[in-house]
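No experiment lies behind these values; they were computed from the predicted model shown.
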Amino acid sequence: MKLRRTAILSASLIISACSVTPSYERPDTTTYLGEKFIQSNADESLSTIESVNWWVQFNDPVISRLVKQALENNLDIRIAVANVMEAEAIARAATGRRWPEIGASISGERSFTGASTGSSFSPGSDRLYTTTYSVGANITWQTDLFGRLRNAEKASVADWQALNNDRDAIMHSVIANVIRQRVQLAIAVQRLYVAEDILQSRQNTLDIVNRRYSRGVQNTSAVDVRLARENIYSAQANIALLEQNVSLAQHALDILIGKKPASLFIADNDLNQLPDLNDAITGVPAQLLDRRPDLRASEFRILAANERIGVSLAELYPDLTINTGGGWR
């Protein structure tokens, strides 16, 4: 009778422990955005957008080359990859805790005693050698009746998936910054070229004004000469500022692709040219929010926190661990 009551009590405890663990339900996107943002041809719109190598749509070999270097050498991406590897190891360790632990040991010992005394060796007596071998094994298994280890495993896997999405978010962020800096560098170089042309034009204007003033042309005075020189000085100052902007954009791009500053050469190459843009993609559905890695990472962290609630609730109940072992001597 007592055994039956104990079994019933244990079953009720297990059921109560499982029932109080909260369950996560994913929210409906349409509830927050409204039907007017959800298109009927969502699948067709999604198929027109490359979700992996989206930067190739710019049809710019320079961008493709820079993105490849950034993915290989960027330090932030390397840190994110290392975090993913660590989280994967933690998740695998959490999975292993649900399995029995097996231990084994083996040892040997050799000793001698004196045959005459029976306890120790004495001069003139024969030695009696004894060899002892010991082999043992033990198995330990935690039954996890209330789901503590199971919920901990799910939480670790959710953390792993969250860091996976964090890595993807960092990668896309780095790629976007590379493209932005590449465009800013090209624009800064083009503005520098325009400023140099303006300086040359103002230099020609100063030469003309000087000749007119030296020959005494009417309506030409020393004020005109000074104004032309001031225009040249202003153009030179603008060129100095634009050269600084080019250097800053170049150094920022170098850092993003994991190289030392001033490693890129912008003179007489394709870095200062921008490709022709394609037609803008219209009709992007609101379901793209479900594909954003930062949002997916937040959702996985909610899942992990939800599972840890189950871990905390299971810790209120006792653990049952089964040990067994054996050996030979």
- Item | Check ion pair Asp144-Arg97 (N to O, under 4.0 angstrom) | no

- Task: To the nearest 0.5 Å, tell me how far Asp168 CG sits from Ser173 OG.
- Result: 12.5 Å

- Message: To the closest 0.5 Å, what do you measure between CG (Leu192) and CG (Leu241)?
- Response: 10.5 Å

- Drop me the distance from Arg182's CZ to Leu66's CG, to the nearest 0.5 angstrom. 7.0 Å

- Task: Say whether, by atom type as modelled, one donor and one acceptor occur between the side chain of Asn151 and the main chain of Gly147 under 3.5 angstrom.
- Result: yes

- Message: Assess whether a salt bridge exists between Asp197 and Arg202, defined as any Lys/Arg side-chain N lying under 4.0 Å from an Asp/Glu carboxylate O.
- Response: no

- Is the backbone N or O of Glu230 less than 3.5 Å from a side-chain atom of Ser234, with the two atoms forming a donor-acceptor pair by type? no

- If you take all heavy atoms of Asn165 and Arg296, which pair is closest and at what distance? OD1-NE, 2.7 Å

- Message: Checking the side chain of Thr321 only, and the main-chain atoms of Trp141 only, is there a donor and an acceptor separated by less than 3.5 Å?
- Response: no

Counting only pairs under 3.5 Å, give me each side-chain donor-acceptor contact of residues 72-90, with atom names and distances, residues two or more places apart or in other chains.
unit_1 : atom_1 : unit_2 : atom_2 : d
Asn73  : ND2    : Gln69  : O      : 3.3
Asn74  : OD1    : Asp76  : N      : 3.0
Asn74  : OD1    : Ile77  : N      : 3.2
Asn74  : ND2    : Leu256 : O      : 2.8
Arg78  : NH2    : Glu72  : O      : 3.4
Asn83  : ND2    : Ile79  : O      : 3.3
Glu88  : OE2    : Arg92  : NE     : 3.3
Glu88  : OE2    : Arg92  : NH2    : 2.9

- Task: Please test Leu199 against Ile232 for side-chain contact (heavy atoms from CB on, under 4.5 Å), starting from the C-alpha separation and ending with a verdict.
- Result: CA-CA 6 Å; Leu199 176 62; Ile232 289 179; 3.8 Å; yes

- Message: Using 30° and 60° as the class boundaries, would you call the ring planes of Tyr129 and Phe112 parallel, tilted or perpendicular?
- Response: tilted

- Taking every non-hydrogen atom, the tightest pair across Ala195 and Asn238: CB-ND2, 4.2 Å

- Message: Assess, by modelled atom type and distance only, whether the side chains of Glu101 and Thr140 contain a donor and an acceptor separated by less than 3.5 Å.
- Response: no

- Message: Strictly distance-based, threshold 3.5 Å: is any side-chain N or O of Asp224 a donor or acceptor partner for the main-chain N or O of Ser221?
- Response: yes

- When every non-hydrogen atom of Arg148 is compared with those of Val311, the smallest separation belongs to O-CG2, 3.6 Å

